[in-house]
Number of protein chains: 2
Amino acid sequence: MVTVTIKDIARDLNLSTSTVSRALRDSYEINPETKRLVTEYAERLNYRPNPIALSLKENRSRVIGVIVPQIANNFFSQVINGIEAAAHDRGYHVIIFQSHESYEQEMITLQQAVARKVDGLLISLSSSTSDVSQIKELQQRKLPIVLFDRVVNDLDILCVTADNFGGAFAATEHLIQTGRRRIAHLAIPPHISITQERLAGYRAALEKYEIPYDENLIRYASFGQNEVEPIIDELLSYNPDAFFAASDRLSTSCLAALKSRNIAIPEQVSLIGFTNLPVADLLAPPMSTVEQPALEIGQMAAEQLINLIEGKQKDIQPGTNRIPTTMVIRASSQPAGK
Amino acid sequence: MVTVTIKDIARDLNLSTSTVSRALRDSYEINPETKRLVTEYAERLNYRPNPIALSLKENRSRVIGVIVPQIANNFFSQVINGIEAAAHDRGYHVIIFQSHESYEQEMITLQQAVARKVDGLLISLSSSTSDVSQIKELQQRKLPIVLFDRVVNDLDILCVTADNFGGAFAATEHLIQTGRRRIAHLAIPPHISITQERLAGYRAALEKYEIPYDENLIRYASFGQNEVEPIIDELLSYNPDAFFAASDRLSTSCLAALKSRNIAIPEQVSLIGFTNLPVADLLAPPMSTVEQPALEIGQMAAEQLINLIEGKQKDIQPGTNRIPTTMVIRASSQPAGK
DNA sequence: TTGTAAGCGTTATCAT
DNA sequence: ATGATAACGCTTACAA
């Protein structure tokens with residue numbers, strides 16, 4: 001595609017490129033008449049500065065990289081939405097990379113992002129990642145990085161997450177307050193930060209109400225196919241009176257499994273899920289939910305990253321920023337007797 | 001962030017940058033020994049060519065732009081997934097732009113993408129777009145463009161869509177075959193190509209079974225809030241015995257509206273939706289669905305675009321490529337008497 | 001076989 | 001007030 005450059009304008013107007021550049025850039029002393037001439041002509045030709053040339057010169061791309069496990073996922077697509085909004089507001093574009101829940105892919109993708117010269121990186125770790133040394137190394141090499149959602153507890157790195165502890169606590173407390181005592185907890189893999197936080201919230205609620213913690217009621221599922229069904233069966237053998245599912249996919253899998261076993265919700269067991277499903281209201285049987293502020297997480301993460309990039313980071317402390325979750329109790333999910 | 005350039009290698013090895021470049025690029029006659037030296041050293045320093053410098057030189061960015069109405073949407077996020085996969089396979093990265101269903105925003109975004117020097121553009125038109133002159137103009141200026149899903153019927157431009165006609169025909173035929181005759185059709189705005197195609201499929205099925213076409217049963221809804229409820233009420237006043245909802249959002253809105261009016265599905269009315277909802281199986285009352293091959297649409301669109309970009313387009317005719325849809329009939333969505 | 005130089009588009013520095 | 005030049009990182013004629 002042919003495009004107009006500063007050279008074209010200079011040639012046509014019998015000026016030097018530096019003069020044209022100055023006129024456009026509004027800098028320095030320049031003849032107002034020349035300036036008018038140039039800007040008008042540039043306007044007429046629909047001149048746009050070449051960001052690639054600028055990137056080369058300024059050694060910055062105005063692109064931020066986002067690494068997520070999957071795009072085609074409600075939560076992450078909403079987060080990306082928030083990231084885009086905040087980034088565009090500040091003149092950045094976004095390139096998305098997927099790790100597909102694989103550590104190896106995540107590392108490859110990390111290298112690609114760096115090679116692509118992103119100005120900074122927003123990362124939500126893959127479920128199979130336990131080693132963040134490469135990320136830390138890039139950080140030490142001065143690449144601005146902010147983690148979100150699936151983070152790692154490490155004070156040196158800026159993080160943005162939902163209030164997983166609070167959400168899990170509220171969910172568990174709700175179940176207890178509606179008379180449940182044997183609450184099964186279906187979680188994603190244990191080494192991920194959010195798993196630990198949600199589990200901690202769950203335990204804290206149990207403790208508050210002096211309900212014993214039973215390890216048999218805790219199960220972890222990764223992201224494979226058909227992993228959940230047998231786990232549900234195992235859990236059911238311990239006679240739970242409620243399920244707390246700790247992720248989007250686990251919530252729906254759990255719902256489907258209970259449905260197919262003709263287990264009445266909430267008569268036989270209650271169900272509450274950590275999920276951002278847009279159609280949760282239409283699901284049957286109804287499930288109460290804890291929703292993560294996906295959009296806000298994305299916005300905040302992007303803003304903090306851009307502050308880092310632009311060196312405006314005095315006021316923000318490294319550490320984790322937690323954004324509150326929203327619990328949605330669906331009336332008919334409460335036990336009939338209540 | 002400090003990174004290694006060809007200059008660093010040249011300096012350290014007492015060579016010229018061109019020699020280093022040649023050694024790395026594997027081109028030209030070069031001393032095998034020198035080559036070994038250079039490649040090994042580059043490897044050791046983890047040298048990566050600067051894509052920005054390459055872009056400037058080669059006048060191509062190896063980035064394709066994608067303009068969609070919304071990212072946070074099942075269908076589009078799945079399409080993007082497919083686009084990413086195909087693009088990465090061929091060494092391209094993807095920058096995503098959102099039109100938020102606004103024509104103005106779409107035009108701004110189009111300019112941004114062009115200014116960003118994308119090598120090509122994949123576009124799904126916003127619902128408020130009727131004028132594609134800017135897109136055609138860019139195309140005439142030799143920017144490779146492929147439209148997908150929401151396309152415009154114009155033989156000059158390459159398009160990839162689902163088989164909307166076929167899907168709508170199948171859905172309508174299914175409703176007829178299960179005894180329905182007054183089938184309400186809830187569609188997205190009429191000027192969008194997919195609306196017309198789905199409507200045509202609907203009409204064709206009616207004609208095949210010699211059922212009169214009743215305009216009162218056809219309604220259009222845009223993407224605003226709370227638009228659907230009153231429309232459903234209007235439609236209900238014409239006593240439909242089935243609803244065919246032509247989009248993701250309309251399907252769920254329709255389901256919600258019918259549910260809140262205590263209209264039994266499928267006893268009173270049947271419902272079939274054009275939707276890619278991942279949890280359709282869990283919805284109650286059950287709705288049959290026509291699913292679009294989102295991933296495949298994304299892959300095919302990206303492949304065709306990259307072929308265009310790389311000039312390998314001899315074998316592919318301009319026009320529209322239609323990928324079949326999948327109809328999922330949920331048993332309990334059939335009328336009880338059947 | 002290797003080095004020199006020009007060029008991609010832009011801006012900053014230093015003349016003029 | 002404006003022009004010439006160098007530089008960002010890389011490739012590629014052309015020269016040696």
Side-chain angles (χ1 to χ4, degrees), chain A residues 1-42 45-63 91 112 114-119 142, chain B residues 1-39 41-43 45-63 91 112 114-119 142:
Chain A
M1 228 193 38
V2 246
T3 44
V4 183
T5 74
I6 245 178
K7 275 190 178 177
D8 299 320
I9 299 177
R11 180 177 21 75
D12 295 356
L13 261 40
N14 270 314
L15 290 168
S16 73
T17 56
S18 22
T19 306
V20 175
S21 172
R22 272 191 294 253
L24 260 19
R25 207 117 298 282
D26 204 18
S27 76
Y28 246 67
E29 306 111 33
I30 190 157
N31 189 326
E33 178 60 12
T34 313
K35 179 169 172 175
R36 197 184 54 74
L37 222 65
V38 172
T39 48
E40 279 179 10
Y41 191 68
L45 263 52
N46 198 23
Y47 166 80
R48 293 282 176 276
N50 183 336
I52 294 176
L54 285 175
S55 293
L56 186 59
K57 184 135 233 310
E58 299 174 357
N59 201 27
R60 49 132 73 190
S61 58
R62 286 197 164 274
V63 168
Q112 285 185 341
V114 173
R116 267 279 169 187
K117 300 280 174 197
V118 297
D119 287 346
K142 302 296 175 210
Chain B
M1 228 191 42
V2 244
T3 44
V4 183
T5 74
I6 243 177
K7 273 190 177 175
D8 299 321
I9 299 178
R11 179 176 23 75
D12 295 358
L13 260 39
N14 270 314
L15 290 168
S16 73
T17 56
S18 35
T19 306
V20 175
S21 171
R22 275 191 291 254
L24 259 20
R25 206 116 299 280
D26 204 16
S27 75
Y28 247 66
E29 307 112 32
I30 191 159
N31 189 325
E33 179 59 12
T34 313
K35 179 170 172 176
R36 198 185 54 73
L37 222 64
V38 171
T39 48
Y41 192 68
E43 173 70 18
L45 264 52
N46 199 24
Y47 166 79
R48 294 282 177 276
N50 183 334
I52 294 176
L54 284 176
S55 293
L56 187 58
K57 181 130 239 307
E58 301 174 357
N59 201 28
R60 48 131 74 190
S61 58
R62 287 196 165 273
V63 168
Q112 285 186 340
V114 173
R116 268 277 170 187
K117 301 279 174 195
V118 297
D119 287 346
K142 303 293 175 209

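These values consider heavy atoms only, across backbone and side chains, with no hydrogens, waters or symmetry-generated copies. Values in this document were obtained by computation on a predicted structure and should not be read as measured data. Here is how names work: the chains are called A, B, and so on, in the same order as the sequence lines, proteins then strands, and each is numbered from 1.
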For this session: Classify the side chain of A/Arg48 versus the base of C/dG9 as yes if they form a donor-acceptor pair under 3.5 Å and no if they do not.
Result: no
For this session: Verify, without hydrogens or angle tests, whether A/Thr19 (side chain) and A/Leu15 (backbone) share a donor-acceptor contact under 3.5 angstrom.
Result: no
Exercise. Does the A/Ser21 side chain pair with the main chain of A/Thr17, one donor and one acceptor, at a distance under 3.5 Å?
Worked result: no
Measure from the side-chain heavy atoms of [X] and tell me the nearest of [options].
{"X": "A/Leu56", "options": "D/dC8, D/dT11, D/dC10", "result": "D/dC8"}
{"X": "B/Thr34", "options": "C/dT10, C/dT1, D/dC14", "result": "C/dT1"}
{"X": "A/Arg22", "options": "D/dA13, D/dT2, C/dT11", "result": "D/dT2"}

Distance check needed: [N] [atom2] versus [X] [atom1], whole Å only.
{"X": "B/Leu54", "N": "D/dC8", "atom1": "CG", "atom2": "C1'", "result": "13 Å"}
{"X": "B/Arg62", "N": "D/dC10", "atom1": "CZ", "atom2": "P", "result": "16 Å"}
{"X": "B/Ile52", "N": "D/dT11", "atom1": "CD1", "atom2": "C1'", "result": "17 Å"}
{"X": "A/Arg116", "N": "D/dC10", "atom1": "CZ", "atom2": "P", "result": "14 Å"}
{"X": "A/Leu13", "N": "D/dT2", "atom1": "CG", "atom2": "C1'", "result": "14 Å"}
{"X": "A/Asp8", "N": "C/dG7", "atom1": "CG", "atom2": "P", "result": "15 Å"}
{"X": "A/Ile9", "N": "C/dT10", "atom1": "CD1", "atom2": "C1'", "result": "12 Å"}
{"X": "A/Asn50", "N": "C/dT11", "atom1": "CG", "atom2": "P", "result": "10 Å"}

Less than 4.0 angstrom between a side-chain N/O of [X] and OP1 or OP2 of [N], yes or no?
{"X": "B/Arg25", "N": "D/dT11", "result": "yes"}
{"X": "B/Ser21", "N": "D/dT12", "result": "no"}
{"X": "B/Ser16", "N": "C/dG3", "result": "yes"}
{"X": "A/Asn31", "N": "D/dT2", "result": "yes"}

Give [X] one of three labels, base, sugar-phosphate or nothing, depending on what nucleic acid heavy atoms sit under 4.0 Å from its own.
{"X": "A/Asn14", "result": "sugar-phosphate"}
{"X": "B/Ser55", "result": "nothing"}
{"X": "A/Leu15", "result": "sugar-phosphate"}

Exercise. With nearest nucleotides of DNA chain C determined for B/Asn59 and B/Pro32 from heavy-atom distances, which residue corresponds to the more 5′ nucleotide?
Worked result: B/Pro32
Exercise. Starting at the 5' end of DNA chain C and moving along, which residue's nearest nucleotide shows up first, B/Ala53 or A/Glu58?
Worked result: B/Ala53
Identify each donor-acceptor pair in which a side-chain atom of residues 51-58 of chain A lies under 3.5 Å from a protein atom, sequence neighbours left out, and give them as a table.
| from | atom 1 | to | atom 2 | distance (Å) |
| --- | --- | --- | --- | --- |
| A/Ser55 | OG | A/Pro51 | O | 2.8 |
| A/Ser55 | OG | A/Arg60 | O | 3.1 |

For this session: With sequence neighbours excluded, give me every salt bridge (Lys or Arg N to Asp or Glu O under 4.0 Å) pair touching residues 3-12 of chain A.
Result: A/Asp8-A/Arg11
For this session: Report the C-alpha distance between A/Thr39 and A/Leu24 in whole Å, list the side-chain angles of each, state the deciding distance to 0.1 Å, and finish with yes or no for side chain to side chain contact (heavy atoms under 4.5 Å, CB included).
Result: CA-CA 6 Å; A/Thr39 48; A/Leu24 260 19; 4.1 Å; yes
Exercise. Can A/Arg48 and A/Asn50 be counted as having a side-chain donor-acceptor contact under 3.5 angstrom?
Worked result: no
Problem set entry | Check: A/Arg116 and B/Arg62 side chains under 4.5 Å, non-hydrogen atoms | yes
For this session: Check whether any side-chain heavy atom of A/Val63 sits under 4.5 Å from a side-chain heavy atom of A/Lys117, and report yes or no.
Result: no
Check: protein-nucleotides 5-7 of chain D nitrogen or oxygen pairs below 3.5 Å:
none

